[in-house]
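Everything below concerns the one structure shown next.
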Amino acid sequence: MTKDIKTDVLIIGSGPAGYTAAIYAARANLKPHIVSGLEPGGQLTITTDVENYPGYENVIQGPWLMQQMKEQAIKVGTEFHNDIVADVNFDKKPFFASTDGGLIFQAKTIIITTGAQARWLNIESENKYKGFGISACATCDGFFFKDQEIAVIGGGNSAVEEALFLTKFASKVTLIHRRDQLRAEKILQERLFNNPKIQVLWNKKVLSFEGNENPLALNKIKLEDTINKSHTELKISGAFIAIGHDPATSLFKNKIKMDKDNYIITKPDSTETSIKGVFAAGDVKDKIFRQAVTAAGMGCMAALEAEKYIAELDN
């Protein structure tokens, strides 16, 4: 059964950007609606310890932080829908969006906060140790591996940058790459090869991750040589998967301007997209920082810009 909803602000996606946009829009009396998407709360819902979000003296849990943001957004007046947007139409105003659950929105403005997902190796043992030694964010989790030996898997700019960053904490960083040369920029490669804390294992692919059961903790990686198929083991305390991210923008393909990597393009110092009245915040447009606090800041910006747009629209 379909249900028509008219709103000033529709937020597609959740996470720090979506929830913050909802809080600011609700406080501006715009009565926002938020459709949570496939992963309500975003990537922080699979992040255990969070130590770098301002305002908390002690380590907090990612799922708890997202639940708090959600409850705050609802408390100040956000309508929350645990649903998935299936289609959008930006060609006419008000904008239209429909969900799998049968909701049809007419919205004066839309804020896109669908986020991005880290690419994973997609092997069974990887899921087991996510958050227990395996991470896809060196900036988020590197601090937890002080004076320990860790590995980075990948061969592009992201992998090299993460390996270099992790030398600030780890005693040794091993970069594992399935080929015999890196795809990263030459200047990054030079820094990598000149860093005494980093070693590179060439022509190796990960077969499995192994570790302790109680408590659950990663302690080694099983590797296969891509040339001679021989097997080896690498003892480590942590592993960072750095093979790239994919923004969740397939819904908006050919409907809004994106870059070659399918991140939504916004105007300088703004969250406004190529379509006036449509805004984008968080990892869906940010391929550089990808932090909860920067996503939240952009969510605030998007809501303030939406408020200004509506005020001009109504005058």
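- Once rounded to the nearest 0.5 Å, the distance linking CG of Leu103 with CG of Asp4 reads 9.5 Å.
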Run Phe209 and Lys220 through side chain to side chain contact (heavy atoms under 4.5 Å, CB included) and show every step you take. CA-CA 6 Å; Phe209 296 97; Lys220 66 181 175 184; over 6 Å; no
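- Counting only residues at least two apart or on different chains, the salt bridge (Lys or Arg N to Asp or Glu O under 4.0 Å) pairs with a member in residues 99-125 are Asp8-Lys108, Lys108-Asp314, Arg119-Asp246.
- Legend: ring pair (Phe, Tyr, Trp, His ring centres under 6.0 Å) pairs involving residues 166-191, not counting sequence neighbours, sorted by first then second residue: Phe165-Phe169.
- In the hydrophobic cluster analysis, where Ile, Leu, Val, Met, Phe, Trp and Tyr join through side-chain heavy atoms closer than 4.5 angstrom, Val152 is grouped together with Leu188.
- Here the straight-line distance linking atom CD of Glu210 with atom NZ of Lys128 works out to 8.5 Å at 0.5 Å rounding.
- At a cut-off of 3.5 Å, with distance as the only test, a side-chain donor of Asn82 or Ser36 sits close to an acceptor on the other residue.
- Here the closest non-hydrogen pair linking Ala136 and Trp120 is CB-CH2, 3.6 Å.
- The heavy-atom pair separating Ile111 from Ala21 by the smallest distance is CD1-CB, 4.1 Å.
- Using a 4.5 Å cut-off between side-chain heavy atoms of Ile, Leu, Val, Met, Phe, Trp and Tyr, with links allowed through other members, Ile243 and Leu175 fall into different hydrophobic clusters.
- Of the possible donor and acceptor atoms, none in the side chain of Thr20 sits under 3.5 Å from a partner among the backbone N and O of Gly299.
- When side chains are defined from C-beta on, Tyr53 counts as touching Leu65, because their heavy atoms get closer than 4.5 Å.
- At distances below 3.5 Å, not a single donor-acceptor pair connects side-chain atoms of Tyr19 with backbone N or O atoms of Ala73.
- Ile11 places a side-chain heavy atom less than 4.5 Å from the side chain of Thr113.
- In this structure, the side chains of Ile12 and Thr114 come closer than 4.5 Å at one or more pairs of heavy atoms.
- Between Lys287 and Asp259, at least one side-chain nitrogen of the basic residue sits less than 4.0 Å from a carboxylate oxygen of the acidic one, meeting the salt-bridge criterion.
- The main-chain N or O of Gln291 is found under 3.5 Å from a side-chain atom of Thr294 such that the two form a donor-acceptor pair.
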Yes or no on side chain to side chain contact (heavy atoms under 4.5 Å, CB included) for Ile256 and Ile112, after CA distance, side-chain angles and deciding distance? CA-CA 11 Å; Ile256 204 165; Ile112 300 168; 4.1 Å; yes
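- Rounded to the nearest 0.5 angstrom, Leu44 CG and Gln61 CD are separated by 11.0 Å.
- When the options Lys6, Glu79, His81 are evaluated for a side chain to side chain donor-acceptor pair (under 3.5 Å) with His33, the one that passes is His81.
- Judged by the 6.0 Å distance and 45° axis criteria, Lys70 is positioned over the aromatic ring of Phe80.
- Although no hydrogens or angles enter the test, the distance criterion places no donor-acceptor pair under 3.5 Å between the side chain of Gln67 and the main chain of Pro63.
- Within the 4.5 Å cutoff, the side chain of Thr232 has no heavy atoms near those of the Leu234 side chain.
- No single ILVMFWY cluster, assembled from side-chain heavy atoms under 4.5 Å apart, contains both Leu207 and Ile241.
- Under the side chain to side chain contact (heavy atoms under 4.5 Å, CB included) test applied with Val173, the options Ile236, Asn195, Val200, Ile198 reduce to a single match, Ile198.
- Within a 6.0 Å sphere centred on CZ of Phe143, heavy atoms belonging to other residues, nucleotides or ligands number 12 at most.
- With Asp286 contributing its side chain and Gly282 its backbone, the two residues share no donor-acceptor pair below 3.5 Å.
- For residues 224-267, every residue pair satisfying the ring pair (Phe, Tyr, Trp, His ring centres under 6.0 Å) rule, not counting sequence neighbours, is listed here: Phe145-Phe240.
- Note on Leu30: it does not cluster hydrophobically with Leu304, by side-chain heavy-atom contacts below 4.5 Å among ILVMFWY residues.
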Test Ile310 against Val9 for side chain to side chain contact (heavy atoms under 4.5 Å, CB included), laying out the working first. CA-CA 9 Å; Ile310 290 167; Val9 180; 3.9 Å; yes
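- With hydrogens and angles disregarded, a donor-acceptor distance shorter than 3.5 Å links the side chain of Asp83 to the backbone of Gly101.
- For the atom pair Lys197 NZ and Leu166 CG, the distance stands at 10.0 Å (nearest 0.5 Å).
- Annotation for Pro247 and Ala116: closest pair CA-CB, 3.6 Å, computed over non-hydrogen atoms.
- Sparse packing is recorded around CG of Asp269, with 12 or fewer heavy atoms of other residues, nucleotides or ligands lying under 6.0 Å away.
- Remark: Lys92 is positioned above the aromatic ring of Phe96, its terminal NZ or CZ atom under 6.0 angstrom from the ring centre and at most 45 degrees off the axis.
- Of all the heavy atoms in Gly42 and Ser14, the pair that sits closest is N-OG, 4.2 Å.
- One N or O on the side chain of Thr249 and one on the backbone of Asn262 form a donor-acceptor pair closer than 3.5 Å.
- No side-chain heavy atom of Val59 sits less than 4.5 Å from a side-chain heavy atom of Val50.
- When every heavy atom of Phe132 is checked against every heavy atom of Leu216, the shortest pair comes out as CD2-O, 3.6 Å.
- The side-chain heavy atoms of Glu161 and Glu185, taken from C-beta on, include no pair separated by under 4.5 Å.
- Separation of atoms NZ (Lys204) and CG (Asp180) is listed at 11.5 Å; rounding is to 0.5 Å.
- Counting heavy atoms of neighbouring residues, nucleotides and ligands inside a 6.0 Å radius, atom NZ of Lys229 exceeds 12 of them.
- Looking only at distances, a side-chain donor or acceptor of Thr7 sits under 3.5 Å from a matching main-chain atom of Lys31.
- You'll find the side chain of Leu223 reaches within 4.5 Å of the side chain of Ile221, heavy atoms only.
- Annotation: side chain of Leu182 is in contact with side chain of Leu192 (closest heavy-atom distance under 4.5 Å).
- Of the candidates Thr273, Asp91, Asp87, Lys255 forms a side chain to side chain donor-acceptor pair (under 3.5 Å) with just one, namely Asp87.
- Between atom CD of residue Glu305 and atom OG1 of residue Thr266 there is a gap of 8.5 Å, rounded to the nearest 0.5 Å.
- Side chain of Asn212 to backbone of Asn214: no donor-acceptor contact under 3.5 angstrom is found.
- Side-chain atoms of Gln199 never come within 3.5 Å of backbone atoms of Thr174 as a donor-acceptor pair (strictly under, hydrogens ignored).
- Ile134 and Leu201 fall within a single hydrophobic cluster, where Ile, Leu, Val, Met, Phe, Trp and Tyr are joined by side-chain heavy atoms under 4.5 Å apart, directly or via other members.
- When all heavy atoms are compared, the tightest approach of Arg179 to Trp202 is O-CE3, 3.4 Å.
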Show your working on side chain to side chain contact (heavy atoms under 4.5 Å, CB included) between Val88 and Val85 and close with a plain yes or no. CA-CA 8 Å; Val88 293; Val85 173; 3.8 Å; yes
